[in-house]
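Residue numbers begin at 1 in each chain, while the letters A, B, ... track the order of the sequences.
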There are 2 protein chains.
Amino acid sequence: MGALMRRPTIMDIAKAAGVSKGAVSYALNDRPGVSKATRARILAIAHDLGWAPSSTARALSPGGRVGALGLVVDRPAHSLGVEPFFMQLVSGIEAELAVTGMDLLLQVTEDADAELAVYRRWAAERRVDGVILVDLRVDDARVALVEDLALPAVVLGGPDGAGTLPCLYSDDAASMREVVHYLAALGHERIAHVCGPGGLVHSRVRSEAFGHAAAEAGLHQAFSIEADYTGEAGTRTTRKLLARSDRPTALVYDNDLMAVAGLGVAREMGVDVPSRLSIVAWEDSVLCQLVRPSLTAVSRDVPFCGGEVARMLALAVAAEPLGPREAPRGELHPRASTGPRRA
Amino acid sequence: MGALMRRPTIMDIAKAAGVSKGAVSYALNDRPGVSKATRARILAIAHDLGWAPSSTARALSPGGRVGALGLVVDRPAHSLGVEPFFMQLVSGIEAELAVTGMDLLLQVTEDADAELAVYRRWAAERRVDGVILVDLRVDDARVALVEDLALPAVVLGGPDGAGTLPCLYSDDAASMREVVHYLAALGHERIAHVCGPGGLVHSRVRSEAFGHAAAEAGLHQAFSIEADYTGEAGTRTTRKLLARSDRPTALVYDNDLMAVAGLGVAREMGVDVPSRLSIVAWEDSVLCQLVRPSLTAVSRDVPFCGGEVARMLALAVAAEPLGPREAPRGELHPRASTGPRRA
DNA sequence: CTCCTTTGCTGAACCGGTTAAGCAGACGGC
DNA sequence: GCCGTCTGCTTAACCGGTTCAGCAAAGGAG
């Protein structure tokens, strides 16, 4: 049988077909330069030999692509673990990449500088063809860096602060208006918004939208309070809010984790949800559906966004011009944690 | 200034230093063949030029490493999102890889065949130096495949079913005995164990251990019931269990997600936790600490396991012989969801 | 029949590293 | 003074693809 121990190369195919390396390359890449018959013969042999292109060799050629995209997640490991958002995003990205046979490099970093270092390394070592930026910050150093490195990138977020980079944004302000009007319609006046760090663009957008919507609805006791997305912050902040003499009757949390924490605190402090306190979570997830009472949540199709952003990045890598694109906005899913204000 | 637009190569360094490519390579890789003085000069120039090795070029050389490890996660996207386990594992792996400058390729697949296809592709295209196998199944086809492909791999799980592959296992049986004895000491006799799919090795190990420990403790009404790790399965199974006339007084869940779902069902059905029902979750996570009552859980250091398995894989890639290794066992963290059985 | 174009292929350079082989010069032993 | 060895470097092949220039043969136009 003369079993070939090493993986077959195009040279092996060329010998078997009695043609040159070049001809094989043309045939395998569907490029002109070989006759139909020769192409078919080469493809058949390649298939028989179980040939697959060496990603490293291919990437080495001038203009060659690595066939991989990168995603860096810069959040403390423990909070990250419990947030469905990232894995949902990742599975959406992967579903798209699977189509094109590309891969995803995932990196978890502990701080912003480490994240910048990763992009620098990826660019220098040619590890990826492009990157996806999430959790856009105000004056985000990453935007300037990837522009400077000429590393193709797409921002999930924006469009403010995305610089010249293409981005996929959702109209959080509109969703926030929906939430506020919903709570106002239920009679709530003292509403608190537990938001994420002010350094995050989407956090800022939501807080501003919250303020505007509340003013529009004539709610003068509504306010935002900053937390950091972790369960502990949710617990701490909620305790403080519920201990006030002018206790809010409704709370809007910027993520599901803090909302669940808040629900726990309410229970602990004997504040019944939803009769005494209404709770709305921003990201929806199984979590919101599992706890009791189940949480009213703003739900968006995260896997879809992942796929979309991957598609956009593929275009950006191919140097296709690309502007900001809008994702379907998050929709409010009323569940058991919200109800009319009791007198 | 003569700014160099393209990334510097060793050829650029060689020219600047007035030596050959080979000398530069020796210097940069800390290999003999250049004098101390020349080495220092070359390193300085490399640093000035901001040189970084091209991962693709390096990988192309005979015996060259790609500098990346692969992890495939084969679970439905939505359940995966909420389970802290994977992200914890990933961040542990990354922390280790960051030291050596390697990368992690993550792939999420929807079924076992797709997972096998990924390993085949990675091996054929030389995308990774090795892979980490999680969620070991009984008669796992992946073990045979990676052995066949000569793709270095480490199993997180086992040691049964890991074949000749090195593995990192934890003594789940011992942890399960601890759980059962703890519940027995609280007076519980009717204990149900909501386990994962029987096809998973660790699921089977835990179920058997549960049965043995219960028998040891003289609990003849203890039994395991299979579910699939999703929240819905947790909900459904718990409903069934709590509706029985001989309702269990304690439930042990094989993951945190199902435990949280179970807690919700108990609340819904008016079964108070912990006075009427005790609940133990297997994986610990922020989730267990956030819900009310907080969940008693078996906690293991998942990030540590991730780091350890990455270290082991690095050794396996370097063809160092490697046997099964034991991870610290999961420890029971009693919280508010367990208490003495009430008459 | 000649000239020009197209088709189909070959040969070789190239990407950016690694590494074996070769070689000049210094140095030491006897 | 001669030989052998070690040091420090160069040269060139090689990894597995892509791609450009070149070229022979076939086909069509005039």
Can you tell me the distance, in whole Å, between the CG atom of A/Asp30 and the P atom of D/dG17?
17 Å
If I take atom CZ from residue A/Arg121 and atom CD from residue A/Gln107, how far apart are they, to the nearest 0.5 angstrom?
6.0 Å
Please round to the nearest 0.5 Å and tell me the distance separating atom OG of A/Ser55 and atom CG of A/Leu60.
11.0 Å
Taking only residues at least two apart or on different chains, which pairs with a member in residues 128-139 of chain B satisfy side-chain hydrogen bond (donor to acceptor under 3.5 Å, both in side chains)?
B/Arg75-B/Asp135
What I want to check is whether the side chains of B/Trp122 and A/Asp103 have a donor and an acceptor closer together than 3.5 Å.
yes
Can you name the nearest heavy-atom pair linking B/Leu145 to B/Arg120, along with the distance?
CD1-NH1, 3.4 Å
When every nucleotide of nucleotides 13-22 of chain C is labelled 5' to 3' by its protein contacts under 4.0 Å (heavy atoms), B for base, S for sugar-phosphate only, - for none, what sequence of letters results?
--BBBBBB--
